[in-house]
Amino acid sequence: MEFIANVQGLTAIAIGIIIGLGALGACLGIAIMGAKFLESAARQPELVPMLQGRMFLLAGLIDAAFIIGLAVALFFGFANPLVGEVKAAQATTQG
């Protein structure tokens with residue numbers, strides 16, 4: 001049972017790292033993209049409608065990568081397949 005607790009504890013740490021680094025990357029990506037959009041809008045205001053559509057498309061793609069990471073982290077948080085494998089391995093060695 002102690003080994004299962006270790007697996008669950010390390011899984012919790014991994015979930016925090018996945019969500020934290022994913023959020024940090026998404027925030028930095030959107031911040032850099034927004035800064036470049038404002039810079040380009042100030043240089044050529046006539047291109048703002050075209051650039052705005054592309055900026056929103058890229059913001060959605062950047063957020064999609066974070067949301068996929070969040071889904072993987074929640075999967076490991078609620079339906080951890082590692083614990084099932086550990087239990088199965090312990091059952092075969094004890095039985």
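As a basis for the values below, the full set of heavy atoms in this structure was taken, side chains included, without hydrogen atoms, waters or symmetry mates.
Side-chain heavy atoms closer than 4.5 Å link hydrophobic residues (I, L, V, M, F, W, Y) into clusters, and following such links, possibly through other members, connects Phe56 to Leu58. Two different hydrophobic clusters hold Ile13 and Phe3 under the rule that ILVMFWY side chains link at heavy-atom gaps under 4.5 Å. Cluster annotation: Leu61 is not connected to Ile68 through the hydrophobic network of ILVMFWY side chains, with a link wherever side-chain heavy atoms come within less than 4.5 Å.
The line from CD1 of Ile19 to CG of Leu24 is 13.5 Å long, rounded to the nearest 0.5 Å. Within the model, atoms CE of Met33 and CG of Leu38 stand 10.5 Å from one another, a figure rounded to the nearest 0.5 Å. Atom CZ of Phe76 and atom CG of Leu10 lie 13.0 Å apart (nearest 0.5 Å). A distance of 14.0 Å separates CD1 of Ile30 from CZ of Phe37, quoted to the nearest 0.5 Å. Rounding to the nearest 0.5 angstrom, the gap separating the CG atom in Leu57 from the CD1 atom in Ile62 is 10.0 Å. Taking CZ of Arg54 as the start and CG of Leu47 as the end, the distance is 9.5 Å to the nearest 0.5 Å.
Taking each heavy atom of Ala41 and Val48 in turn, the nearest pair found is CB-CG2, 3.6 Å. Listed here is the closest heavy atom pair of Ala26 and Phe66: CB-CB, 4.0 Å.
Put simply, the side chain of Ile18 does not reach to within 4.5 Å of the side chain of Leu70, judged on heavy atoms. Taking the side chain as every heavy atom from C-beta outward, Asn80 and Phe75 never approach each other to under 4.5 Å. Looking at Val86 and Val83, their side chains never come closer than 4.5 Å, going by heavy atoms from C-beta outward. The shortest distance between side-chain heavy atoms of Leu51 and Gln44 does not fall below 4.5 Å.
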